[in-house]
Chemist: 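My structure is below; once you've seen it, I'll send some questions.
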Amino acid sequence: MITENEVWVIALVGMGLVALGFIYVISQVGKSSDEERAKRAYKTSNVLRRWLFLILLVIFAGVSYASLWHFPLPPQQAPLAAKQIVNVIGHQWSWEFSTNQVEAGVLVEFRVTSADVNHGFAIYAPDGRIVVQTQAMPGYTNKILYTFDRPGTYMVRCLEYCGLAHHVMEAPINVVAIRGPST
Amino acid sequence: MSSLALYPEDEKLPRNERLVFDLYIITAVALFVLMMLLGLSMRLTQATWAGIGPKLFYEILTMHGAGMVGTMGLVTLAVMWFFLRKYVHLHLWAFLTNYVLFMLGALAIIISIFIGGYAGMWTFLYPLPVHSMGIGSVNAAALFFIGYLLIGVGFLLFYLDAAAAIIRKFGNLGRAMGLQWLFGGTIDQSHPKAVVASTMVIIANSLGILAGAVVLVMCLINAYFPAVVLNALVVKNLIYWFGHMFINATIYMGVIAVYELLPRYSGRPYAVSRVFLWAWAVSCVFVIIVFPHHLLMDYAQPRWLAIIGQVVSWGAGFPVFLVTAYGVLTNIYRSGLRWKMPSRLMVLAVFGWAAGIVPAILDGTIVVNTLMHNTQWVPGHFHFYLLLGVLPMALAMMYHVIGSRAQSSDDAAGDKLSLPLYIIGGLVFALAFLAAGKASVARRFATHLPEWVPYDQAGSIGAILIILGMLFFSVRIIAGLLKTPTDVGSAHPGG
Ligand code: HEM
Ligand SMILES: [Cu+2]
């Protein structure tokens, strides 16, 4: 499953649940409620809120643990021991790569920086989706680790606004199969 | 505790106050419409239905971003003023000075962009403003910074006056936020929510604006003495500390309208509680430290900052869902809520805020941010909560005020059409951005790839509906403000 699609579905479900809560309460507006029932409703709502709090807390803790325990970004100080290394420099408005050919199935380290202003280094897969990105910032080198799982022409696009030709600042990366065509 | 009279006596605007207030509202409404039209022109261009060239596109984008954020700040500050002045003594000169400085700042920004060619975005990331490859001059960038500084000084002045007034009345800012009741004690039920929220905003946004002022001065110095080189990462941290706080403060100022007005329409008191005070205390801390979620893709940033960015983004959802949205829902559940424009807009606003925070939180997760950062997912989530959340808060107050002046809270026939147009348009518009983000469509692109265009076209249609609704609101509000010179309060059958 593609992560972008999962995120989209989770967002829709989340927003949908909020909408359902609102629609339910709106549908109850104007229904008669005597003193006694109002009191009871108030109590129920407090109990419900506690449950909601617990549920959100569990989700919060679970997601934080799952998404941070193995920190998702590579260490920036230690050497990364990737077999392939690509040095990347962003310029207004072009990309400079030490090589633009890498092998599929083998870990690649991108060392990304900028010669002038901030740029964004995003790799688009042949199907048009972003697979990984980092910022290209003057004075800093950000390191990405990525393994391309299939060969093809990937496109690097600039994802941090950098001036007049920002939207055409792109360059291809050729990902080739190690031996022969991909399986 | 104030009674639930719809138009209480202490909310009436004396002559001078009314003039300044009207000035704020009419300016803001006009600016919103103008900025929306600029927004539409960009969306149409991406949709290939209009052909604005890249140079003008990025100028318009800079104008739209700075203009919308600024106008939202202006109008929600008016919301805060309108309600806070009932509880503490605010000086009209501070409110008016803020307006004057805002207009001067706006003028500087407009000149900088459309005459000087500044197109470095409202977030002015260093060193782009002074490194535009000859598109905009250094003077233009400097003028932009000065425009921001003028607006910032105006806000600080207003906050200082408000802080002084609050301290005179409540002793200190902590007591105004009700911190003394967090762990026990009998809560004073008449302690105004408006004071709690205003105090939180004063603390957080003053810090943010000060950070902004520091970074603006640094950029100004660098502009004329390039030998003084800045650290791009430090500058970026400061800019987002300022930018995130400023735009978030608009929600916290705007929501005061909901706290104040909703109980009057639902007929059910909405008193302060311990959970409520906790929510605001916690939100105050969260909004100050959450900004690193804008720098998740700066791997050079220390790891703990990224972790704070993610964890606090998620944490920020708790007070919104469990206290504000939940509190509003319990307030109207089986109430005799009168469905008038202000109450409709308020319920919409709280929905828009709570729903709009969902995609925001998701994008605040590092693994997700690696895919969604700087895609149109981002304008998707913030247009959601700004168009369907914050703006309706401000509109609710405006409709309420024109209701009080017309001595009637009845809706106009056209309101029945304009609000649905606005809501449907808003949903289509925001969801089109989010769907585009899902498809990895980059934000801030003057032209789009052919496969991105369908999202842009859907978004353009949504935008047109929003603007139709907004045009109608504007006519109603401006006519309502200009029509009747006398304010009524007690004459109206309230509660
Ligand atoms: C009809 C209403 C609106 C339309 C058609 C519109 C359109 C747009 C478009 C096309 C963009 C650029 C998206 C991109 O990066 O590709 C944008 C960005 C933005 N809009 Fe709006 N917008 C509207 C309302 C608002 C409102 C009400 C606000 C806030 C109060 C707002 C604040 C912003 C901000 C802060 C940006 C980001 C600017 C940047 O990237 O620097 N917009 N809008
Ligand atoms: Cu760029």
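Lettering of chains follows the sequences in order, A, B, ..., and the numbering in each one begins at 1.
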Chemist: At a 4.5 Å cut-off on heavy atoms, which part of B:Thr365 comes close to chain A: side chain, backbone, both, or neither?
Modeler: side chain
Chemist: Need one label for A:Ala38: side chain, backbone, both or neither, based on atoms under 4.5 Å from any heavy atom in chain B.
Modeler: neither
Chemist: What salt bridge (charged side-chain N to carboxylate O under 4.0 Å, His left out) pairs are there with at least one residue in residues 152-177 of chain A, not counting sequence neighbours?
Modeler: A:Arg157-A:Glu170, A:Glu160-B:Arg444
Chemist: Atom NZ in A:Lys143, atom CG in A:Leu73: separation rounded to 0.5 Å?
Modeler: 13.0 Å
Chemist: For the residue pair B:Trp452 and A:Tyr124, does the interplanar ring angle fall in the parallel (under 30°), tilted (30 to 60°) or perpendicular (over 60°) class?
Modeler: tilted
Chemist: What option among B:Phe384, B:Phe321, B:Trp339 has the most heavy-atom pairs under 4.5 Å with chain A?
Modeler: B:Trp339
Chemist: Heavy-atom distance under 4.5 Å to chain A: side chain of B:Ser132, backbone, both or neither?
Modeler: backbone
Chemist: Indicate whether any N or O donor in one side chain lies under 3.5 Å from an N or O acceptor in the other, for B:Ser273 and B:Trp278.
Modeler: no
Chemist: Is a donor on one side and an acceptor on the other found under 3.5 Å between the side chain of B:His131 and the backbone of B:Pro127?
Modeler: no
Chemist: With a 4.5 angstrom heavy-atom cut-off, could you sort out which part of B:Val229 is near chain A: side chain, backbone, both or neither?
Modeler: neither
Chemist: Using a 6.0 Å cut-off, check whether atom CZ of A:Arg50 has over 12 heavy atoms from anything other than its own residue.
Modeler: no
Chemist: With a 4.5 angstrom heavy-atom cut-off, is it the side chain or the backbone of B:Ala439 that approaches chain A, or both, or neither?
Modeler: backbone
Chemist: Chain A heavy atoms under 4.5 Å from B:Asp363: which part of the residue, side chain, backbone, both or neither?
Modeler: neither
Chemist: Less than 4.5 Å to any heavy atom of chain B: does that hold for the side chain of A:Leu57, its backbone, both, or neither?
Modeler: both
Chemist: Scan for side chain to side chain donor-acceptor pair (under 3.5 Å) pairs involving residues 295-313 of chain B, sequence neighbours excluded, and state none if there are none.
Modeler: A:Ser67-B:Gln310, B:Lys236-B:Asp298, B:Asn237-B:Gln301, B:His293-B:Ser313
Chemist: Measure B:Ile135 against the heavy atoms of chain A and call it side chain, backbone, both or neither at under 4.5 Å.
Modeler: side chain
Chemist: Verify the distance criterion only: is there a donor paired with an acceptor across the side chains of B:His448 and B:Asp456 at less than 3.5 Å?
Modeler: yes
Chemist: Tell me if the NZ atom of A:Lys39 is crowded by more than 12 foreign heavy atoms within 6.0 Å.
Modeler: no
Chemist: Between B:Leu61, B:Val328, B:Val350, who has the most heavy-atom pairs with chain A when the cutoff is under 4.5 Å?
Modeler: B:Val350
Chemist: So which part of A:Phe71 gets closer than 4.5 Å to some heavy atom of chain B, the side chain, the backbone, both or neither?
Modeler: side chain
Chemist: Could you have a look at A:Ser64, A:Gly21, A:Ala122, A:Ala19 and say which one has the most heavy-atom pairs with chain B under 4.5 angstrom?
Modeler: A:Ala19
Chemist: Hey, which of B:Leu329, B:Ile366, B:Leu337, B:Leu295 has the most heavy atom pairs under 4.5 Å with chain A?
Modeler: B:Leu329
Chemist: Using heavy-atom distances under 4.5 Å, tell me whether B:Val311 contacts chain A through its side chain, its backbone, both, or neither.
Modeler: both
Chemist: In terms of heavy-atom proximity below 4.5 Å to chain A, should B:Leu362 be classed as side chain, backbone, both, or neither?
Modeler: side chain
Chemist: Heavy-atom pairs under 4.5 Å with chain B: which of A:Arg129, A:Arg37, A:Gln28, A:Lys31 has the most?
Modeler: A:Gln28
Chemist: Is it the case that the side chains of B:Arg443 and B:Gln376 hold a donor-acceptor pair, with the cut-off being a distance below 3.5 Å and no angle test?
Modeler: no
Chemist: Can you tell which of B:Tyr333, B:Tyr58, B:Phe57, B:Trp314 has the highest number of heavy-atom pairs within less than 4.5 Å of chain A?
Modeler: B:Tyr58
Chemist: By a 4.5 Å heavy-atom criterion (distance strictly below it), what part of A:Leu12 contacts chain B: side chain, backbone, both, or neither?
Modeler: side chain
Chemist: Which one wins on heavy-atom pair count under 4.5 Å against chain B: A:Trp93, A:Tyr42, A:Phe121?
Modeler: A:Trp93
Chemist: Test B:His373 against A:Gln133 for side-chain hydrogen bond (donor to acceptor under 3.5 Å, both in side chains), laying out the working first.
Modeler: CA-CA 8 Å; B:His373 184 73; A:Gln133 69 169 303; 5.0 Å; no
Chemist: Can you tell me which of A:Ile26, A:Val168, A:Thr141, A:Ile2 forms the most heavy-atom pairs within a distance under 4.5 Å of chain B?
Modeler: A:Ile26
Chemist: I need the residue from B:Val367, B:Val368, B:Ile361, B:Asn231 with the largest number of non-hydrogen atom pairs under 4.5 Å to chain A.
Modeler: B:Asn231
Chemist: Using heavy-atom distances under 4.5 Å, tell me whether B:Ala306 contacts chain A through its side chain, its backbone, both, or neither.
Modeler: side chain
Chemist: Non-hydrogen atoms of chain B under 4.5 Å away: do they reach the side chain of A:Leu68, the backbone, both or neither?
Modeler: side chain
Chemist: Under 4.5 Å from any heavy atom of chain B, what part of A:Val131 do you find: side chain, backbone, both or neither?
Modeler: backbone
Chemist: Mind running ring pair (Phe, Tyr, Trp, His ring centres under 6.0 Å) on A:Phe60 and B:Phe318 for me, showing each step along the way?
Modeler: CA-CA 10 Å; A:Phe60 168 70; B:Phe318 283 81; 5.7 Å; yes
Chemist: Between A:Thr3, A:Asp127, A:Val63, which shows the greatest number of heavy-atom pairs under 4.5 Å with chain B?
Modeler: A:Val63
Chemist: If you count heavy-atom pairs within less than 4.5 Å of chain A, which of B:Thr330, B:Leu371, B:Thr447 leads?
Modeler: B:Leu371
Chemist: Return the minimal non-hydrogen interatomic distance between A:Thr134 and B:Met297, and the atom names on each side.
Modeler: OG1-O, 3.0 Å
Chemist: Do B:Ser343 and B:Leu345 come within less than 4.5 Å of each other through their side chains, counting heavy atoms only?
Modeler: no
Chemist: Evaluate the ring planes of A:Phe148 and A:Tyr146, with Trp represented by its six-membered ring, and classify them as parallel (under 30°), tilted (30 to 60°) or perpendicular (over 60°).
Modeler: perpendicular
Chemist: Of the backbone (N, CA, C, O) and the side chain (C-beta and beyond), which part of A:Tyr161 lies under 4.5 Å from a heavy atom of chain B, both, or neither?
Modeler: both
Chemist: For B:Tyr265 and B:Asn331, test the side chains for any donor-to-acceptor distance below 3.5 angstrom and give the result as yes or no.
Modeler: no
